[in-house]
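Written below as structure tokens is the structure these notes are about.
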Amino acid sequence: MARLVALLLAALALLVPAAPAAADAYLPPAGKVWHGVTAGDDLHEFGTKPGVWQQFVRWGGNYEYVFRLAEGADARVMLHIGTAQGQNMPERISPGAIARGRGDGYLLDLNVRLAEYARPAYIRLMAEMNNCNNAYAAYGCGGGRRDADHSAERFKAAWKRTVLILRGGDVAAIDARLRALGLPRVRTQETSLPAVQAAFIWAPMTGGSPAIGALDPERYWPGGEYVDWVGTSFYSKFPNWGLLERHYQRFAVGHGKPFAFGEWAIWGADAPAFARQLFAWVRSHKRVRMVQYNQGDDPGSVFRPHRYPAAAKVIRGALKSPRFAGAGE
């Protein structure tokens with residue numbers, strides 16, 4: 001009887017649709033790198049207008065302004081979707097709840113909006129997931145483990161569910177893939193979800209905070225079929241080039257993915273040498289296809305280029321190169 005059951009399960013497994021192949025990454029034109037800006041509602045500090053404009057949004061919150069700003073600047077939309085208003089703030093939903101389908105309504109609405117947008121968009125989902133300051137990290141900053149709904153396994157399940165729903169398609173096929181992952185079906189009466197032009201950017205920090213093995217980026221890797229870009233955050237205040245190189249080789253090269261600086265900025269002191277080194281690193285690493293300068297929401301943000309005149313001059317000069325793809329490209 002046990003052998004018969006095993007044979008039946010194996011046969012049923014063959015009927016379950018395979019996990020989706022990675023979608024189009026929506027790269028910039030050949031040989032170019034997306035010039036991107038993150039946050040804020042102005043773009044006057046960069047000399048050239050970006051090709052991608054990213055904003056931070058909270059799960060369940062408003063995102064219409066993101067589309068409005070990007071469309072007004074002739075830039076592509078990029079959403080960083082978190083579960084709280086900001087770091088060290090209460091979460092609206094846990095990764096475990098997302099995996100169980102508690103956030104499906106938000107995903108279904110966003111799927112429709114992305115389809116209406118009808119242009120390539122980028123989703124940077126719960127980035128820096130190995131940063132204890134984020135509500136969705138598995139460990140707190142004291143090193144203590146958070147509950148099961150915040151484990152790396154639940155995070156990966158939430159990631160996969162989000163990608164499957166936002167990409168759209170036949171709901172029965174999506175449900176079959178979710179079932180194969182041990183997850184409940186999509187909470188919808190629709191039989192089909194709109195197909196969208198969306199690329200998903202997986203962007204942990206290059207090393208965990210705190211620096212423990214349980215927050216190694218590898219723990220959060222959901223599988224190449226659910227990731228279109230590999231990325232990270234990189235700031236002049238913490239310039240660990242060795243970890244950056246390891247991260248790039250391990251995930252972008254190792255999994256054959258384009259690479260994005262999901263956030264980078266000058267922070268704390270003028271650092272023209274850092275800016276020059278970063279652009280040199282971009283030139284020498286051919287998988288880098290997007291750089292997102294995080295200027296912060298507030299015009300007085302500590303990341304604003306005007307605070308760092310020497311570095312700002314380097315940044316504006318570098319972005320004038322035809323290598324960087326801007327608005328309308």
Side-chain angles (χ1 to χ4, degrees), residues 19 56-61 79-104 106-107 123-166 178 180-184 200-235 238 240 242-244 246-248 250-252 254-255 257 260-263 294:
F56 296 97
V57 298
R58 182 181 61 168
W59 197 286
L79 296 167
H80 174 278
I81 302 176
T83 61
Q85 192 65 39
Q87 291 189 346
N88 300 306
M89 298 184 73
E91 67 185 0
R92 190 182 186 97
I93 189 169
S94 69
I98 294 170
R100 290 192 296 274
R102 292 280 301 277
D104 282 5
Y106 175 72
L107 295 175
I123 308 295
R124 186 166 160 251
L125 179 62
M126 294 186 284
E128 296 188 11
M129 66 290 290
N130 56 342
N131 179 350
C132 64
N133 295 293
N134 287 320
Y136 40 81
Y139 284 75
C141 292
R145 180 184 297 178
R146 291 177 175 148
D147 64 25
D149 268 355
H150 295 84
S151 69
E153 291 305 313
R154 287 290 85 191
F155 177 91
K156 289 185 287 187
W159 178 285
K160 293 173 184 178
R161 185 181 194 90
T162 297
V163 170
L164 286 169
I165 293 174
L166 286 185
L178 290 171
L181 294 169
L183 301 175
F200 292 84
I201 301 174
W202 178 81
M205 298 198 306
T206 56
S209 177
I212 56 177
L215 290 177
D216 186 273
E218 187 75 46
R219 300 292 185 100
Y220 288 90
W221 177 250
E225 65 268 36
Y226 298 97
V227 173
D228 303 307
W229 292 68
V230 164
T232 195
S233 306
F234 205 65
Y235 288 87
F238 307 104
N240 193 322
L243 278 180
L244 175 64
R246 187 182 73 166
H247 185 72
Y248 174 87
R250 188 178 183 187
F251 296 106
H255 293 281
K257 304 292 183 182
F261 283 97
E263 301 172 28
N294 180 15

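These numbers come from a predicted model, not from an experiment. Numbers for residues simply follow the sequence, beginning at 1.
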[X] side, atom [atom1]; [Y] side, atom [atom2] - distance, nearest 0.5 Å:
X: Leu125; Y: Ile123; atom1: CG; atom2: CD1; value: 8.0 Å
X: Leu178; Y: Ile165; atom1: CG; atom2: CD1; value: 6.0 Å
X: Leu166; Y: Tyr106; atom1: CG; atom2: OH; value: 8.5 Å
X: Arg146; Y: Ser94; atom1: CZ; atom2: OG; value: 11.5 Å
X: Leu164; Y: Tyr226; atom1: CG; atom2: OH; value: 5.0 Å

With sequence neighbours left out, the residues meeting side-chain contact (heavy atoms from CB on, under 4.5 Å) with Ala152 are Arg219, Tyr220
What residues, two or more places apart in sequence or in another chain, satisfy side-chain contact (heavy atoms from CB on, under 4.5 Å) together with Asn133? Gln87, Asn88, Asn131, Cys141
Any residue meeting ring-ring contact (aromatic ring centres under 6.0 Å, His included) with [X], in chain and number order, not counting sequence neighbours:
X: Tyr139; result: none
X: Trp221; result: Trp202, Phe251, His255
X: Phe200; result: none
X: Tyr235; result: Trp267, Phe303

Check whether any side-chain heavy atom of [X] lies under 4.5 Å from a side-chain heavy atom of [Y], and answer yes or no.
X: Phe261; Y: Asn294; result: no
X: His247; Y: Pro204; result: yes
X: Ile93; Y: Tyr136; result: no
X: Asn130; Y: Pro217; result: yes
X: Leu243; Y: Thr232; result: no

Might you point out which heavy atoms bring [X] and [Y] nearest each other, and give the distance in Å?
X: Gly143; Y: Pro210; result: CA-CG, 4.3 Å
X: Ala99; Y: Pro184; result: O-CD, 3.8 Å
X: Ala137; Y: Cys132; result: CB-CA, 4.0 Å
X: Lys257; Y: Val227; result: NZ-O, 2.8 Å
X: Leu215; Y: Ala138; result: CD2-N, 4.4 Å

Which pairs pass side-chain hydrogen bond (donor to acceptor under 3.5 Å, both in side chains) with one or both residues in residues 155-164, sequence neighbours excluded? Asp104-Arg161, Glu153-Lys156
Check salt bridge (charged side-chain N to carboxylate O under 4.0 Å, His left out) between [X] and all other residues, then give those that pass, not counting sequence neighbours.
X: Arg246; result: none
X: Arg100; result: Asp149
X: Glu263; result: Arg124

So does Pro95 get a backbone contact from the side chain of Arg154, meaning a donor-acceptor N/O pair under 3.5 Å? no
Any side-chain to backbone donor/acceptor pair from Asn134 onto Met129? Under 3.5 Å, distance only. no
All side-chain hydrogen bond (donor to acceptor under 3.5 Å, both in side chains) counterparts of His150, not counting sequence neighbours: Glu91, Asp147
side-chain hydrogen bond (donor to acceptor under 3.5 Å, both in side chains) partners for Asp216, two or more places apart: Arg250
